[in-house]
Structures are given as structure tokens and as C-alpha cells.
Amino acid sequence: MTASPLLFSPFQLRGLRLRNRIVISPMCQYSAKDGIADDWHFAHLAKFALGGAALVFTEAMAVSAEGRITHGDLGLWSDDQIPPLKRIVDFLKAHGAVPAVQLAHAGRKASMQRPWHGNGPLNDTDRARGEDVWPTFGPSAIPMDQGWLVPHEMTLDDIAALKEAWKAAALRALAAGVEVVEVHGAHGYLLHEFLSPLSNQRADAYGGSFENRIRLALEITREIRAVWPEDRPVFFRVSSVDGVDGGWALEDSVALARKLKGLGVDVMDCSSGGLMGSATAARVKRYPGFQVPYAAAIRSEAHIPTMTVGLILEPQQAEDILQKNEADLIAIGREALRNPNWPLHAQEALGFDPSYENWPVQYGWWLDKRRQSLAPHR
């Protein structure tokens with residue numbers, strides 16, 4: 001047991017003060033229509049604020065319609081998508097959580113089935129549901145391993161339009177009241193495709209050398225930081241390693257992090273894999289906390305705060321990561337789906353808040369009364 005758990009210490013990011021170090025990671029729900037959030041997304045995200053998390057990310061929000069992974073992805077390519085997002089944002093803020101969005105473009109991994117429909121290329125069955133195929137784009141015309149569409153190689157005009165789309169999406173997030181924006185540069189989606197030498201075989205200023213391959217990620221980050229308020233943070237999610245021979249490596253992520261820090265990125269969100277296959281597919285052994293060493297290395301070598309994610313299941317495990325200075329923030333994903341109150345239960349497990357004072361008052365009042373009534377019988 002830790003007397004004063006770091007997991008429940010505040011964390012300052014520019015003008016924002018997070019109430020603890022627990023973050024809800026972006027998790028796609030594939031349940032939107034025309035990129036618009038509905039009651040499912042409200043209920044899905046609202047419970048994490050009630051559950052005590054400090055920072056709550058939406059799922060990846062596509063910066064353009066063709067940037068969606070599936071027909072069910074959320075988006076921020078239209079002003080029509082702002083009001084439903086604002087409804088969610090307002091609720092998160094009212095209950096102590098900082099609202100965040102992850103901005104993304106799926107690149108060559110777009111125009112796919114929802115996972116429960118097969119997670120492959122859209123087919124005639126999908127078309128019968130009204131889900132038509134749309135063209136995909138990438139740095140190079142390289143197909144995926146699973147028979148997905150061969151992407152169109154992006155022209156310089158495509159790249160210029162993409163940068164404007166990212167900036168416009170950031171401005172829509174700002175209009176909705178979002179306080180943290182994350183650039184998605186991981187998991188085999190478009191920016192990751194530019195970063196990795198395996199997927200980027202361009203011969204112009206956006207391909208070849210390391211400096212050229214990171215150019216688009218830096219340009220988009222610069223565009224977003226220019227319109228994002230100075231007192232609000234910007235995160236960048238990176239696949240720290242491709243986990244594939246000849247691919248993006250940890251030393252590349254460290255070098256990228258140094259560049260991004262200079263552009264005003266505040267936190268590196270450290271994931272891995274995804275270039276060849278599903279979102280985190282890689283030849284990397286998976287075990288509880290398997291991605292923590294990436295966050296630790298980037299934090300130490302690039303001198304930038306990091307967020308770690310991936311099979312962080314137990315409160316003491318999360319606390320130990322922070323105590324060892326291996327990361328600054330702990331992101332919980334599927335474990336939060338299993339238990340939306342994970343942060344509140346973690347307080348109990350670490351001997352913090354024994355009287356339920358940090359629970360929503362509508363719950364904490366009842367739970368503390370139960371605790372008091374049970375005390376004489378223990």
C-alpha cells in the first residue's frame with residue numbers, strides 16, 4: 001500500500017490541471033452515422049467521467065470522410081458534428097474530467113468492415129447494408145497483407161488538402177470545447193504509414209530519409225499547434241516500434257519525440273505495432289505493461305512527458321510505473337470497458353479515499369453509509 005499514491009496526484013499540463021494520472025484511451029466504437037456522435041457515444045464516454053478518470057479521450061475522429069476506418073467512425077470534417085460532441089464535452093467537464101479528442105486519418109486502412117462484420121475489406125454483404133466502398137489513400141500504393149484495397153499514392157495537392165483538413169478538424173474540436181487534442185500517428189494509419197520505411201516508398205520530399213518521412217507529421221502538428229490555444233495541451237500517439245524487420249524503431253520514436261517537443265507537443269502517447277494487420281499487430285510479446293519500456297525510453301531520452309498504455313490491469317501495477325518514473329500518465333483501455341469505475345476502485349485498492357469522498361456524491365453518500373453500517377460487524 002502506498003501512503004500518497006502518485007496515481008492520484010494532480011498533473012499540470014499547460015493551463016490544465018488533471019485530477020489524477022489516469023486517462024481513458026481512445027477506443028473506436030464503430031457506431032456513428034455520418035461521423036456524428038449519438039446517445040451511445042454519450043453514455044460510453046460519460047461513465048468514464050463518473051468513474052473518476054482525469055482525462056477522457058473520444059475514439060479516433062476522422063479529419064475527412066475518406067479518412068474513416070469504417071462507416072461507423074466518428075468524425076470532425078463537418079460543422080454538423082460539433083453540437084453532439086459539445087454535449088459530451090460539457091458533461092465530462094461538469095463531472096471533473098478533461099475532454100480530449102484524437103484526430104486521425106486511416107490512410108490505406110480505410111474503407112473497412114466494422115470488426116463484428118469481419119474487420120476486412122467491404123464486400124457485397126456490406127453494400128447490401130448501404131455501406132459502399134470508398135477510395136483509400138497512402139504515401140505509396142502498397143497494399144496491406146489481408147487483401148485490402150490498394151491505396152492511391154497521395155499527390156502533393158492531396159497532402160496540402162490533408163493538412164488543411166487536420167487544421168479544420170482541430171478548430172471544430174475547439175468549437176466543441178475540447179481541451180486536449182491528440183495527433184494519431186500510430187497503428188498503421190496514415191501518419192504512421194508516412195513514418196515507416198516499409199509503407200513509405202516515395203521519392204519526393206515526403207519519402208526516403210528519416211527527415212523526409214517525418215515531414216508530414218511535423219507539418220500537421222505545426223498546423224494544429226498554431227490554431228490550438230497556448231494554454232491547452234497537444235498529444236501525439238506513436239507506434240514506438242513497428243515490430244517488423246526493417247521498420248520504424250524505438251530510436252526513431254525518440255528522435256521524432258525530440259522534434260515534436262520543439263513544436264509544442266506536451267505528451268507522447270506510446271503504443272506500438274499496427275503497420276501490418278490489426279491496430280496493434282506486431283511481433284512483440286504481449287504481457288501486462290508490455291509497452292511501458294517504450295514510454296520509459298522516450299521519456300528519458302527525449303525529455304518529454306509520456307503516457308503508457310497496453311495491458312495495464314491492476315492499480316499497484318499502474319502505481320509502480322509512476323513510482324519508477326517510467327511514464328507520467330497511465331492510459332486504460334479495454335480494462336475500462338470491463339470496469340468503468342476502475343479509477344475509483346483503484347483508490348480503494350491503494351488505500352486512498354476510504355470514505356468515498358471522490359465518488360460522485362449521488363453514489364458516494366450511499367456507499368459511505370453502507371461502509372459505516374458494516375463497520376461494527378468487521
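Here the structure is a predicted model, which means the values were calculated and not measured.
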Tell me every residue that passes salt bridge (charged side-chain N to carboxylate O under 4.0 Å, His left out) with Arg213, counting only those two or more places apart in sequence or in another chain.
none
Counting only pairs under 3.5 Å, give me each side-chain donor-acceptor contact of residues 255-264, with atom names and distances, residues two or more places apart or in other chains.
| residue | atom | partner | partner atom | Å |
| --- | --- | --- | --- | --- |
| Arg258 | NE | Glu301 | O | 3.3 |
| Arg258 | NH2 | Glu301 | O | 3.1 |
| Lys261 | NZ | His303 | O | 2.5 |

NZ (Lys86) with more than 12 external heavy atoms under 6.0 Å:
no
Could I get the full list of ring pair (Phe, Tyr, Trp, His ring centres under 6.0 Å) partners for Tyr363, not counting sequence neighbours?
none
Can you see whether Trp365 has Arg370 sitting over its ring - NZ or CZ less than 6.0 Å from the centre and within 45° of the normal?
no
Test of understanding: with side-chain contact (heavy atoms from CB on, under 4.5 Å), list the residues that count as partners of Pro115, not counting sequence neighbours.
Tyr30, Asn119
Partners passing side-chain contact (heavy atoms from CB on, under 4.5 Å) against Val227 (at least two apart in sequence or in another chain)
Lys167, Ala170, Leu171
In this structure, are over 12 heavy atoms from other groups packed under 6.0 Å from Arg17 atom CZ?
no
Excluding sequence neighbours, so at least two apart, what forms salt bridge (charged side-chain N to carboxylate O under 4.0 Å, His left out) with Glu357?
none
Would Gln29 and Trp40 count as a side-chain hydrogen bond (donor to acceptor under 3.5 Å, both in side chains) here? Give the steps.
CA-CA 9 Å; Gln29 299 296 291; Trp40 173 265; 2.9 Å; yes
Residues at least two apart in sequence or cross-chain that pass salt bridge (charged side-chain N to carboxylate O under 4.0 Å, His left out) with Asp80, listed by chain then number, are none
Set of side-chain contact (heavy atoms from CB on, under 4.5 Å) partners for Ala336, sequence neighbours left out
Ile24, Phe48, Ile332
Is it true that Arg68 and Asp73 have a side-chain N and a carboxylate O under 4.0 angstrom from each other?
no
Please collect all salt bridge (charged side-chain N to carboxylate O under 4.0 Å, His left out) contacts where either partner lies in residues 23-43, sequence neighbours excluded, each pair once.
Asp39-Arg87
Keeping to residues at least two apart or across chains, list the salt bridge (charged side-chain N to carboxylate O under 4.0 Å, His left out) pairs with something in residues 194-210.
Arg202-Asp204
Tell me, which pairs form a ring-ring contact (aromatic ring centres under 6.0 Å, His included) where one or both residues lie in residues 195-238, sequence neighbours left out?
Phe57-Phe235, Phe210-Trp248
Partner set under side-chain contact (heavy atoms from CB on, under 4.5 Å) for Arg299, not counting sequence neighbours
Thr306, Asn325, Asp328
